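To keep things clear, I will list the structure first and then write my remarks on it.
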Amino acid sequence: MEIDFKLIEEKWQKRWEAKRVFEAKENSKIPNYYVLEMFPYPSGSGLHMGHAWNYTIGDILARFKLMNGFNVLHPMGYDSLGLPAENAAIEAGTHPADYNKKSITNYIKQQKALGLTYDWSRMISTDNPEFYKWDQWIFLKMLEKGLAYQKESAVNWCPKCNTVLANEQVVDGKCWRHDGTNIETKHLNQWFFKITNYADELYEGIKNLDWPERTKTMQKYWIGKSYGTEIDFEVGGEKWPVFTTRPDTIFGVTFVVVSAQHKKLWDLVKDKQKKEVEKFLKTVKSVSEKEMAEMEKEGVFTGSYAINPVNGEKVPIYVGNFVVADYGSGMVMAVPAHDKRDFAFAKKYGVPIKVVIDPKDFEIDSKKITEAYVEGGTLINSGEFDGLENDEAKKKITKFLEKKSLGREVINFRLRDWGISRQRYWGTPIPIIHCGDCGAVPVPEKDLPIELPKKVKFGKGNPLLTNAEWLNVPCPKCGKNAKREADTMDTFVNSSWYFMRYCDSKNKKAIFSKDKISKWCPVDSYVGGAEHACMHLIYSRFYTKFLRDLGLVEFDEPFKKVFHQGMLHAEDGSKMSKSKGNVVLPEVVSGKYGIDTARFFLSSLASPDKDIDWNEKGIIGSKRFIAKIFDFYDENMNGAARRTHKALNSGSYSEKLEAKLNNVIKNVTGYYDNFKYRKATIELRELFDLMHLEKKVSKKAFEDFLKLLNPICPHITEELWEKLGNKKFISNSSWPKYNEKKLKILNKEIDVNSKVIENVFETIKRVEEKGKKISKVYLYVLPFEISKYQIPKLKKALGKEIILYSVKDDEKHDPENKSKKARPGMPGIYFE
RNA sequence: GCGGAUGUGCCGGAGUGGUCAAACGGGACAGACUCAAGAUCUGUUGGCUUAUGCCUACGAAGGUUCAAAUCCUUUCAUCCGCACCA
């Protein structure tokens, strides 16, 4: 039968919307569930099947939860501020605001056609001043709490984006949006958020998250907590601290290296070394960050010496290209015998090497050492600490230094503060006014939002600087002429808390009400790309903790569970892209096969966290399945067919089908709950095949099947549900329950003896037909089954001598190794 | 270099000690229906020319076990992330 998918889809989408089936209920007492997919940046080219699949993954869960009696919040919105919109608009010769409006309208239309369960009444878009007003409000709060600050610093500059980027947005020394563009270093006055204040909590919280392991590992690495010791080296009467995780090797220090970008570098450089250092710094500056990482370790002597606090030794200080300026103190103690980098450096410049850790299994010698020994061992050449295991020595040496006020135990993090200033137009304006007298003055809360002026000139530099009317304002403090901060905030500030705004998206008085936020948040299941592991997913955690400390929310983590969907590739396995012309559009798919068919097909291809390829042939198989369901309804379930079957149909269904149905309900329920959609489709197919085979199936069983299928194929199941005479929505019906007692009938236990008799009898017959005489039958059975076997019974039935062995019996007679063949319920058999 | 993941039939992919030559789907082949194509249905789809049998197989090589795709060791390959954080 030909199914008119389009007709069915539109019919149900209209009805769902009219009856507001998917709007979350504010005053309901049933338990809440918050499902969220990462909101998109609305691109002009609309969504393709890959995006559609992403939303479908969340949608299936939302539908499943709804039928399981939850009050589901499943909202959608648009991340409409940011560079892509600005660039796309410039390219199209329109204003970003207009460009966005058009894109969003198109997105909503497309998403509605997918039958997604969004509660559109809560929709947000970040370019709405009613939204970004609260970005600014948060900024003011950060400022108030000392978490927002300005500093002149070396920042990552993308020449293509024409703006600064956060560390998280630099990938391999290149821009995260332009992978062919090297990041340059610029020194600018920038605003930062002190995310590092939360470094420890962000780090320690990771282990309790129900997130993909790889994402947690990545965050852990990104935050990078390390325990170590800060040791003061004396240089010219002043204390210069260095950070090390290996205080046990302190006696092996033969030089010290300071970063080429160190703020106080010139304090160390002696006059006669000046020229050489200057020359060296030039070579360092001329290379990009990426090349730097691959460069050989190089450096020059500064002319200064540092005094090792444990033994008073004077060691030379070098300036080196491999020391990170803003980690630790930007200066390191070098122990060439026990660190790879220090070893390479020492070899290159002929610095002495001193072994202080003695490996247990072999010997190394300071003179003949060919590579750094970085493992543990026993301390040698370390004065009073000789003979200690190095782990023990770490503690003892740190204690020793602490006592003498020469060092202390410290924890260091890799995480840096988040630079949020962007020299671009289409972002949240930073609510600051720069006054010649008062400095950076925060805009009073009552003046928020500071809206982006529509009139600006795009071209060179920051467009906001081109609107004098907007830019020049009186200082809120003294009233003198002043200028607005013209930088805007990083687009990630918007996504850091947008999921909270859905809970109370129309609130004009506050960012959200406390009641509403605690009703819905944290998000129960969050679906989105893995590429956000170290950006959005860290920033959101930071924001959540900050808002908690403001007393606005009561939870510590924004997302209980995170799920990363796989990418949907084009048929040839390559990425879908407009330029390649391989984009699969949901409208087209929907017209050809129906959107439910596509949902079923994509669900059945692979686990949703895996990358999959679109396959035009494969989807036909799913269409066949759906057509079969309709045919089955026509042949067996419609009014006429049911009347004919009535007599046969009265007792519901066969025992086998009943057991299968109960099993499938049980399993599929678990599958939906854990994003194992593929397995759900498999069991649903099996169940349907059995129904198809038996034909005479009760209405209830068929309805249960439809319910189980509904999250994946919502439109067609609604349609059939209605055809069966149901008046309410299947989407609102309750999830089928299974009966524990009916589960096991499928694998009924059969008496081993009779099964064995049957089998062995057949085999004996065949063998004897060939002229072989059999007198003895050896059976090798599993140890835990041996008690089930009854020798007299077997003997009587088979008329042969029976010798029974446990498969583990060392003494058994088994010339052909038949004991290996033993399985549960069936022994290994050997005849004589 | 470090960290994480993966490796199963023609393909996508289940299976994590026993009833596994391996679910489910796709593809292919054969047959039924049809004038024909499509759709649908049935069967086959590692090898061995009779099989409730034997052999070969779950990246490769060893090992543990009565029994291994599943556990252990080593190794190779692919993918992803980080990249001098002392």
Side-chain angles (χ1 to χ4, degrees), chain A residues 1-2 171-173 212-218 220-222 224-226 228 242-246 249 257 259 289-290 292-297 320-335 338-342 344-345 374 412-416 530-531 533-534 600-601 604-607 610-613 615 617-625 627-628 631 676 678-679 681-686 689 747 755 758-763 765-767 770 780-785 805-810 812 814 817-829:
Chain A
M1 190 189 89
E2 207 40 59
V171 180
D172 260 4
E213 229 25 72
R214 59 182 163 141
T215 302
K216 297 209 295 190
T217 316
M218 275 164 72
K220 251 182 143 161
Y221 189 77
W222 189 260
K225 185 177 186 177
S226 50
V242 303
F243 175 72
T244 180
T245 53
R246 291 295 303 273
T249 62
V257 191
S259 168
E289 206 170 301
K290 170 79 180 163
M292 189 92 95
E294 287 159 358
M295 245 168 61
E296 227 184 288
K297 283 144 200 49
N321 63 356
F322 63 99
V323 177
V324 178
D326 49 356
Y327 183 77
S329 61
M331 192 190 227
V332 298
M333 61 179 225
V335 186
H338 306 292
D339 181 282
K340 280 183 187 163
R341 295 154 300 187
D342 301 346
F345 192 93
V374 297
N412 251 310
F413 294 93
R414 278 173 45 104
L415 188 72
R416 311 291 152 77
E531 69 275 14
C534 290
F600 188 85
F601 168 60
S604 68
L605 258 183
S607 169
K610 290 210 170 126
D611 289 353
I612 48 178
D613 298 342
N615 182 328
K617 265 186 180 163
I619 193 172
I620 292 173
S622 297
K623 198 178 174 185
R624 242 180 245 153
F625 176 64
K628 260 186 176 175
D631 288 343
K676 293 181 177 169
R678 185 183 145 66
K679 291 203 175 178
T681 65
I682 290 166
E683 294 226 6
L684 287 170
R685 282 188 113 118
E686 283 174 9
D689 281 351
N747 349 301
K755 198 171 147 198
E758 198 184 304
N759 276 296
V760 176
F761 187 80
E762 272 302 306
T763 315
K765 212 170 97 186
R766 280 167 196 283
V767 177
K770 284 181 192 162
Y780 312 97
V781 308
L782 299 180
F784 56 88
E785 281 188 327
Y805 286 116
S806 161
V807 106
K808 285 200 103 161
D809 188 348
D810 291 336
K812 65 183 179 287
D814 182 16
N817 252 326
K818 296 287 187 188
S819 59
K820 279 190 177 179
K821 295 279 167 192
R823 303 268 120 84
M826 188 47 60
I829 306 158

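Quick caveat, the model's predicted, so the values are computed rather than measured. Just so it is clear: chains get the letters A, B, ... in the order the sequence lines come, proteins before strands, and each one is counted from 1.
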Under 4.0 Å, counting only non-hydrogen atoms across every strand here, what does A:Ser806 touch: a base, just sugar-phosphate, or nothing?
nothing
Provide, to the nearest angstrom, the distance between the CG atom belonging to A:Asp613 and the P atom belonging to B:G26.
17 Å
What is the nucleic acid contact for A:Val323, judged by heavy atoms within less than 4.0 Å: base, sugar-phosphate only, or nothing?
base
Grab the N/O contacts between the protein and nucleotides 40-43 of chain B below 3.5 Å, and write none if there aren't any.
residue : atom : partner  : partner atom : Å
B:U40   : OP1  : A:Arg624 : NE           : 3.1
B:U40   : OP2  : A:Arg624 : NE           : 3.2
B:C41   : OP1  : A:Lys628 : NZ           : 3.4

Nearest whole Å is fine: how far is B:A86 C1' from A:Phe322 CZ?
9 Å
Measure the distance from CD on A:Glu683 to P on B:G25 and round it to the nearest whole Å.
13 Å
side-chain contact (heavy atoms from CB on, under 4.5 Å) filter on A:Arg416, not counting sequence neighbours, yields A:Asn167, A:Val324, A:Asp326, A:Tyr327
Please pick, from B:C84, B:U52, B:C54, the nucleotide with the shortest atom-to-atom distance to any side-chain atom of A:Thr763.
B:U52
Which whole number of Å gives the distance between the C1' atom of B:G9 and that of B:G81?
32 Å
Which heavy atom of A:Asn412 sits nearest to which heavy atom of A:Gly328, and what is that distance?
ND2-CA, 3.8 Å
Side chain to side chain, A:Thr249 and A:Met333, heavy atoms closer than 4.5 Å:
yes
Using whole Å, what does the distance between atom P of nucleotide B:C24 and atom CZ of A:Phe601 come to?
18 Å
Should A:Pro783 and A:Val807 count as side-chain neighbours, where that means a heavy-atom distance under 4.5 Å?
yes
Taking B:U45 as the reference, what is the distance to B:G62 when you measure between their P atoms (whole Å, please)?
31 Å
Residues forming a salt bridge (Lys or Arg N to Asp or Glu O under 4.0 Å) with A:Arg678, sequence neighbours excluded
none
Considering only atom C1', compute the distance from B:G27 to B:C11 and round it to an integer number of Å.
7 Å
If every non-hydrogen atom of A:Val257 is compared with every non-hydrogen atom of A:Ala334, which pair is closest and at what distance?
CG2-CB, 4.4 Å
Would you mind reporting whether A:Phe600 and A:Arg685 have side-chain heavy atoms less than 4.5 Å apart?
yes
Is the base of B:C85 touched by the side chain of A:Arg416 through a donor-acceptor pair closer than 3.5 angstrom?
yes
Using a 4.0 Å heavy-atom cut-off across all strands, classify A:Lys220 as base, sugar-phosphate, or nothing.
nothing
Rounding to an integer number of Å, can you tell me how far A:Asn615 CG sits from B:G26 C1'?
7 Å
Which nucleotide, B:C84, B:C82, B:U52, lies nearest any side-chain atom of A:Trp222?
B:C82
From CG of A:Asp326 across to C1' of B:A86 the rounded distance in Å is 14 Å
So for atom NZ, which belongs to A:Lys216, do other residues, nucleotides or ligands contribute more than 12 heavy atoms lying within a distance under 6.0 Å?
yes
So A:Phe625 and A:Ser604, do their side chains get closer than 4.5 Å, heavy atoms only?
no
Would you say A:Ser622 reaches B:G25's phosphate, i.e. side-chain N/O to OP1/OP2 under 4.0 Å?
no
Among B:A86, B:G25, B:C54, find the nucleotide with the atom closest to the side chain of A:Lys821.
B:C54
For nucleotides 29-31 of chain B, tabulate all protein N/O to nucleotide N/O atom pairs closer than 3.5 Å, reporting atom names and distance.
none

Touch check for A:Gly825, heavy atoms < 4.0 angstrom, all strands: base, sugar-phosphate only, or nothing?
nothing
Separation of B:G25 atom C1' from A:Lys623 atom NZ, nearest Å, is 18 Å
For A:Val332 and A:Val323, work out which heavy atoms get closest and say how close.
CG2-CG2, 3.8 Å
Fill in the dot-bracket string of RNA chain B, one character per base: . for unpaired, | for a pair to another strand, ( ) or [ ] for pairs within the strand, taking Watson-Crick or G-U pairs under 3.5 Å.
((((((((.[[[..)..(.....]]]((((((.......))))))(((....)))...[[[[[..)....]]]]])))))))....
Evaluation steps, side chain to side chain contact (heavy atoms under 4.5 Å, CB included), between A:Met826 and A:Asn759
CA-CA 9 Å; A:Met826 188 47 60; A:Asn759 276 296; 3.1 Å; yes
Given RNA chain B, 5'-ward residue of the pair A:Lys340 and A:Asp689, judged by closest heavy atom:
A:Lys340
How does protein contact run along nucleotides 3-18 of chain B, one letter per nucleotide 5' to 3', with B for base contact, S for sugar-phosphate only, - for none, heavy atoms under 4.0 Å?
S--------BSSS--B
Taking every heavy atom of A:Val335 against every heavy atom of A:Asp342, the minimum-distance pair comes out as N-OD2, 2.8 Å
Identify which nucleotide among B:C24, B:A86, B:C82 has an atom closest to any side-chain atom of A:Tyr221, counting heavy atoms from C-beta outward.
B:C82
Remember a base hit wins even if backbone is also touched, and classify A:Met826 as base, sugar-phosphate or nothing at under 4.0 Å, heavy atoms.
nothing
Trace of the side chain to side chain contact (heavy atoms under 4.5 Å, CB included) decision for A:Lys820 with A:Asp814
CA-CA 10 Å; A:Lys820 279 190 177 179; A:Asp814 182 16; over 6 Å; no
Classify A:Arg414 by what it touches in the nucleic acid, base, sugar-phosphate, or nothing, heavy-atom distance under 4.0 Å.
base
Nearest heavy-atom neighbours spanning A:Gly825 and A:Glu785:
N-OE2, 2.9 Å
Whole-angstrom distance between B:U40 and B:A51, as gauged at atom P:
33 Å
Taking only the P atom of each, what is the distance from B:C58 to B:A69 in whole angstrom?
8 Å
Could you check whether atom NZ of A:Lys340 has more than 12 heavy atoms from other residues, nucleotides or ligands sitting under 6.0 Å from it?
no
Heavy-atom nearest nucleotide on RNA chain B for A:Val760 versus A:Arg685: which residue maps closer to 5'?
A:Arg685
Minimum heavy-atom separation for A:Ile829 to A:Tyr780, with atom names?
N-CD1, 4.3 Å
Distance in angstrom units between A:Glu785 CD and B:U19 C1', rounded
10 Å
